[in-house]
2 protein chains.
Amino acid sequence: MKRRNTATQEAVLSVLTSKRRAMSQDAIVKQMEVNADRATIYRILNRFCEDGIVHKIVADDGKQYFAVCVKCDDIPVLGNHFHFRCTKCETIECLPTLVEFSVPEKYVVQQMNCVLVGICKDCS
Amino acid sequence: MKRRNTATQEAVLSVLTSKRRAMSQDAIVKQMEVNADRATIYRILNRFCEDGIVHKIVADDGKQYFAVCVKCDDIPVLGNHFHFRCTKCETIECLPTLVEFSVPEKYVVQQMNCVLVGICKDCS
DNA sequence: ATATTATTGCGACAAAGGTGCAATAATTTA
DNA sequence: TAAATTATTGCACCTTTGTCGCAATAATAT
C-alpha cells in the first residue's frame, strides 16, 4: 500500500505543523482553506498515525486529538509524555514532561494516554 | 436536592463494588439483574460522581468508565492515580501507582486523566 | 393519608467516528 | 505521452455514546 501525495493531506499536515497543538478533526477543518469530507480527514489522520507522522490523544472529553510528532524547543517529544488541556483557551499541547511510573508485578504496559487538565502558561 | 434511595441505584452501586473495576455504562447494565433505562444509569452514575461515591475515567477508547472510590489492598486510591486498561480482559482498574509529574512554569493542574494500556496481571 | 419533589422511562437528539462503494486522480508502466 | 493500476476521496448511511425535556412514578416528609 504505497502512499500518494494529495492536496488535502498536505493541508491537514500544514495546519497541524503550524498550530503546534493537538487538534480535533473539526478544529482542523476550520483552519483549512481547502475543504474536504469529514471521513476523509479521519482517514488521513489515521494514516498519519500509522506512519508515525502524528500521534493521537484522547482527551477527557472523549474526543480524539492529533498532534504532529516533532521536537519542540529542542526537547524530543516521544510517545511517553504528558498532554495538557487548557480549559481557558481550549487547546491541548504536548508537554516536555515525560510520564514516569512503575506498575505492580506482571503488568505489561504497551501504550499510555495521560492528560493533565488546567490552565496553561499563556492563560494563567 | 436531597437524595432518595432506589433499587436501581443500589443495583448499580452493588455491581460496581463487587466488580472492583472501572466499568462502562453498558458493562454495568449487563451485570444487573434489574433492568433500567440507559439514561437513568447515566444519571445515577453522574450523581454518584457529584457525591464523590464514584469517579469517572475516560479511557483511550473515548468511553466513560466509572469506579467506586474505595481503598484497595490498604492503599488509598485517591484522585491522582493511574488507571490500567487491559486489552485482553477488557477491564479497567485503578492502580495504586500515584501519578507524579512536574509541569513547566506557570501551568496550573486541576485534574488529570491518566490511563496505561496493556496486559494486566491476570492475563499475562 | 396526603403533599412534595427526587427519580425514572421514553422519545428524541447531537456529536464523534467509522464503513462500503463508486468515482476520482496520483503514480506506474508501456 | 497515453494507458493501466490502485490509492484516495466523497457521499450516504450507520453505530455508539451520552444528554435532555417532559410527563409519569414513587420515595420521603408532613
Side-chain angles (χ1 to χ4, degrees), chain A residues 1-16 22-67 83 85 90-92 111 113 115, chain B residues 1-16 22-67 83 85 90-92 113 115 117:
Chain A
M1 188 82 89
K2 213 170 282 179
R3 293 285 135 91
R4 294 181 181 181
N5 265 3
T6 67
T8 314
Q9 284 179 105
E10 281 174 24
V12 170
L13 195 55
S14 151
V15 169
L16 284 179
M23 301 174 76
S24 59
Q25 178 271 336
D26 62 299
I28 294 169
V29 237
K30 266 180 211 149
Q31 297 289 328
M32 281 171 56
E33 58 298 333
V34 194
N35 56 342
D37 194 64
R38 241 171 14 133
T40 302
I41 307 287
Y42 277 115
R43 277 189 277 229
I44 288 174
L45 290 168
N46 286 326
R47 263 194 316 258
F48 282 168
C49 280
E50 283 175 35
D51 296 351
I53 299 171
V54 308
H55 62 280
K56 185 192 292 187
I57 306 130
V58 177
D60 54 326
D61 59 359
K63 285 171 63 179
Q64 302 179 347
Y65 290 76
F66 301 86
H83 295 105
R85 181 168 76 85
E90 291 296 350
T91 69
I92 296 181
Q111 305 166 43
N113 188 72
V115 182
Chain B
M1 189 80 92
K2 214 171 279 175
R3 293 284 135 91
R4 294 180 181 181
N5 266 1
T6 67
T8 315
Q9 284 179 103
E10 281 172 23
V12 171
L13 195 55
S14 150
V15 170
L16 283 180
M23 301 173 76
S24 60
Q25 177 270 338
D26 63 298
I28 294 170
V29 237
K30 265 180 212 149
Q31 297 290 326
M32 280 171 56
E33 59 298 334
V34 194
N35 55 342
D37 193 65
R38 236 167 20 119
T40 302
I41 307 286
Y42 276 114
R43 277 188 279 231
I44 289 173
L45 290 168
N46 287 326
R47 266 196 311 261
F48 283 169
C49 280
E50 284 175 34
D51 297 351
I53 298 169
V54 309
H55 62 280
K56 185 192 293 188
I57 306 132
V58 177
D60 54 324
D61 58 1
K63 286 170 61 179
Q64 302 179 347
Y65 290 77
F66 301 85
H83 295 105
R85 182 167 76 84
E90 291 295 348
T91 68
I92 295 182
N113 188 72
V115 182
V117 185

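So you know, we letter chains A, B, ... as the sequences are listed, proteins then strands, and number each from 1. Every value quoted in this text rests on a predicted model; they were computed, and no experiment measured them.
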Legend entry - Residue met sooner reading DNA chain D from 5', once B:Ala39 and B:Asn5 are mapped to nucleotides: B:Ala39
Is there a side-chain contact between [X] and the phosphate of [N], meaning an N or O under 4.0 Å from OP1 or OP2?
X	N	answer
A:Tyr42	C:dG18	no
B:Thr6	C:dA6	no
B:Asn46	D:dG18	no
A:Arg38	D:dA12	no

Inset, instruction - Could you walk me through whether A:Asp26 and A:Lys63 pass side-chain contact (heavy atoms from CB on, under 4.5 Å), step by step? - result: CA-CA 11 Å; A:Asp26 62 299; A:Lys63 285 171 63 179; 3.6 Å; yes
Taking the minimum atom-to-atom distance to the side chain of [X], which one of [options] wins?
X	options	answer
B:Arg4	D:dA7, D:dC11, D:dT28	D:dT28
B:Lys63	D:dT9, D:dC20, D:dG18	D:dG18
A:Thr8	D:dT9, C:dT27, C:dT8	D:dT9
B:Arg43	C:dG9, C:dA16, D:dT28	C:dG9
B:Gln64	C:dT8, C:dG20, D:dG18	D:dG18
A:Lys2	C:dT28, D:dC11, C:dT8	C:dT28
B:Arg47	D:dC11, C:dG18, C:dT8	C:dT8
B:Arg3	D:dT19, C:dT7, D:dT8	C:dT7

Legend entry - Polar side-chain atom of A:Asp60 near backbone of B:Asn113 as donor-acceptor pair, under 3.5 Å: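 The answer is no, because no donor-acceptor pair under 3.5 Å joins these two groups.
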Inset, instruction - To the nearest 0.5 Å, tell me how far B:Lys30 NZ sits from B:Gln25 CD. - result: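 Separation between the atoms: 9.5 Å.
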Legend entry - For B:Asp37, the option from B:Asn35, B:Ile41, B:Thr40 that meets side chain to side chain contact (heavy atoms under 4.5 Å, CB included):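 Running side chain to side chain contact (heavy atoms under 4.5 Å, CB included) over B:Asn35, B:Ile41, B:Thr40 with B:Asp37 returns exactly one hit, B:Thr40.
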Legend entry - For DNA chain C, the residues among residues 25-33 of chain A that have a non-hydrogen atom under 4.0 Å from it: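 Per residue number, the list is empty: none.
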